[in-house]
Amino acid sequence: AALHGVIGVMMALYHRKVNGGAGQVIDVALHEAVFNVMESLLPEYSAFGAVREAAGSALPGIAPSNAYPCQDGWVLVAGNGDSIFKRLMATIGRQDLADDPQLADNAGRVARIAEIDAVIGGWTRTQSVQAVMDQLAAARVPAGKVYTAKDIAEDPHYRARDMILSQHTRDGDDIEVPGIVPKLSLTPGTVRSSAPHVGDDTDAVLAEAGLTAQQIALLRSKGVIQ
């Protein structure tokens with residue numbers, strides 16, 4: 001919803017710049033924002049009566065495209081293009097499936113997806129994530145490692161991009177938190193303070209709003225604020 005709200009603000013500002021005149025209300029609902037990114041959920045139901053349900057890590061109707069277990073983690077493999085599928089099968093030693101006319105297009109592969117997933121998973125289980133990635137990269141098959149929190153914390157790219165920041169909490173602990181997105185060249189943004197306890201920033205916020213110290217003390221004495 002926040003993303004769609006920002007897009008709405010940008011559209012409204014552009015409209016004002018081009019056309020002049022007054023501003024306009026931007027109306028964004030949480031459920032509508034999620035609905036907007038549900039891809040073909042509604043068209044699938046409208047055209048075929050298909051009700052999409054939980055499908056785990058697979059991409060329904062696009063085969064094969066799934067997350068597969070390795071010896072030390074998981075890898076996402078998208079071998080759903082016709083030529084990509086052939087290269088994938090050749091790489092894992094299943095030339096018979098690469099040459100199978102029933103699997104030459106997506107419709108045929110979708111009909112046999114359980115079999116295909118089992119074959120790919122059987123291959124990945126015997127190897128490390130890096131070994132799988134190296135072989136699929138050489139075969140030009142799209143694949144990516146499924147990151148855990150540990151993987152993110154240890155990835156030098158995240159740190160080079162300042163996407164992992166050290167934060168000293170008000171309880172005296174040092175923890176790592178996500179960095180700022182997006183990054184602007186002139187105003188990149190910073191984490192200004194740690195998360196407060198209840199009431200920690202009340203005085204500062206009220207003072208910024210124009211209340212005097214005496215007014216704040218009066219509100220606190222009456223139990224209006226902590």
Side-chain angles (χ1 to χ4, degrees), residues 1-42 51-57 59 67 72-76 129 144-226:
L3 173 64
H4 285 75
V6 169
I7 294 172
V9 170
M10 295 174 66
M11 293 171 64
L13 289 173
Y14 182 78
H15 180 269
R16 186 182 68 179
K17 177 180 179 181
V18 173
N19 300 289
Q24 53 188 302
V25 173
I26 300 164
D27 186 345
V28 179
L30 288 170
H31 72 286
E32 292 170 356
V34 175
F35 186 44
N36 190 45
V37 296
M38 292 300 291
E39 297 179 320
S40 58
L41 178 76
L42 185 61
V51 177
R52 191 186 297 186
E53 298 179 0
S57 56
L59 188 61
D72 56 350
W74 291 75
V75 63
L76 181 67
V129 170
K145 178 179 180 178
V146 179
Y147 265 36
T148 64
K150 181 176 182 293
D151 294 323
I152 293 173
E154 296 177 353
D155 190 324
H157 185 78
Y158 276 79
R159 295 189 181 275
R161 290 278 296 164
D162 288 331
M163 281 309 302
I164 298 178
L165 304 178
S166 180
Q167 182 71 42
H168 189 72
T169 73
R170 301 192 188 193
D171 292 325
D173 299 315
D174 290 314
I175 62 172
E176 292 184 329
V177 299
I180 307 298
V181 179
K183 301 183 182 303
L184 305 180
S185 59
L186 298 180
T187 55
T190 60
V191 178
R192 292 178 293 178
S193 67
S194 57
H197 298 108
V198 175
D200 275 1
D201 297 331
T202 299
D203 290 6
V205 171
L206 294 178
E208 187 175 336
L211 274 69
T212 66
Q214 291 77 12
Q215 290 172 319
I216 295 173
L218 178 60
L219 291 174
R220 182 167 284 109
S221 68
K222 292 184 176 181
V224 176
I225 60 175
Q226 293 188 10

Novice: How long is the straight-line distance from CZ of R161 back to CD1 of I180, given to the nearest 0.5 Å?
Specialist: 12.5 Å

Novice: Provide the full list of salt bridge (charged side-chain N to carboxylate O under 4.0 Å, His left out) pairs with a residue in residues 209-219, sequence neighbours left out, each pair given once.
Specialist: none

Novice: More than 12 foreign heavy atoms under 6.0 Å from CG of L184: is that the case here?
Specialist: yes

Novice: Does the side chain of K145 come within less than 4.5 Å of V75's, by heavy atoms?
Specialist: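 Heavy-atom side-chain distance check fails, nothing below 4.5 Å.
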
Novice: Between D173 and H168, does the side chain to side chain donor-acceptor pair (under 3.5 Å) criterion hold? Intermediate values first, please.
Specialist: CA-CA 6 Å; D173 299 315; H168 189 72; over 6 Å; no

Novice: How far apart are the C-alpha atoms of V181 and M163, what are their side-chain angles, what is the distance that settles it, and do they pass the side chain to side chain contact (heavy atoms under 4.5 Å, CB included) test?
Specialist: CA-CA 8 Å; V181 179; M163 281 309 302; 3.5 Å; yes

Novice: First locate atom NZ of K222, then atom CG of L218, and finally report the distance between them rounded to the nearest 0.5 Å.
Specialist: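 It comes to 4.5 Å.
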
Novice: Shortest non-hydrogen contact from A33 to V28?
Specialist: CB-CG1, 4.5 Å

Novice: Please report the interatomic distance OH(Y147) to CD1(I152), rounded to the nearest 0.5 Å.
Specialist: 8.0 Å

Novice: Q167 and D174: side chain to side chain contact (heavy atoms under 4.5 Å, CB included), yes or no, with the steps?
Specialist: CA-CA 6 Å; Q167 182 71 42; D174 290 314; over 6 Å; no

Novice: With sequence neighbours left out, what residues match K150 under salt bridge (charged side-chain N to carboxylate O under 4.0 Å, His left out)?
Specialist: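 Counting only residues at least two positions away or on another chain, K150 forms a salt bridge (charged side-chain N to carboxylate O under 4.0 Å, His left out) with E154.
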
Novice: Would you indicate whether F35, at its atom CZ, is surrounded by more than 12 heavy atoms from other residues, nucleotides or ligands within a distance under 6.0 Å?
Specialist: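 Counting other residues, nucleotides and ligands, CZ of F35 stays at 12 neighbours or fewer.
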
Novice: List the residues meeting salt bridge (charged side-chain N to carboxylate O under 4.0 Å, His left out) with E32, not counting sequence neighbours, and say none if there are none.
Specialist: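 E32 satisfies salt bridge (charged side-chain N to carboxylate O under 4.0 Å, His left out) with no residue once adjacent residues are dropped.
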
Novice: Rounded to the nearest 0.5 Å, what separates atom CG in D27 from atom NE2 in H4?
Specialist: 12.5 Å

Novice: Spell out, as yes or no, whether a donor-acceptor pair under 3.5 Å connects the side chain of D201 to the backbone of P196.
Specialist: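 A pair under 3.5 Å: no.
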
Novice: CD1 of I175 to CG of L165: how many Å apart, nearest 0.5 Å?
Specialist: 11.0 Å

Novice: Output every pair passing salt bridge (charged side-chain N to carboxylate O under 4.0 Å, His left out) with a member in residues 203-216, not counting sequence neighbours, ordered by first then second residue.
Specialist: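 Pairs touching residues 203-216 that pass the test: D203-R220.
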
Novice: Enumerate the side-chain hydrogen bond (donor to acceptor under 3.5 Å, both in side chains) contacts for residues 184-194, please, sequence neighbours excluded, ordered by first and then second residue.
Specialist: R170-S194

Novice: Please name the pair of heavy atoms, one in D200 and one in H197, separated by the smallest distance, quoted to 0.1 Å.
Specialist: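 In terms of heavy atoms, the two residues are closest at OD2-N, 2.9 Å.
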
Novice: Less than 3.5 Å apart, which donor and acceptor atoms pair up between the side chains of residues 6-16 and the rest of the protein, not counting sequence neighbours?
Specialist:
unit_1 : atom_1 : unit_2 : atom_2 : d
H15    : NE2    : N19    : ND2    : 3.3

Novice: Rounded to the nearest 0.5 Å, how far apart are OG1 of T202 and CD1 of I216?
Specialist: 9.0 Å

Novice: So which heavy atom on A1 is nearest to which on L30, and how close?
Specialist: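 So the two residues come closest at CB-CD2, 3.5 Å.
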
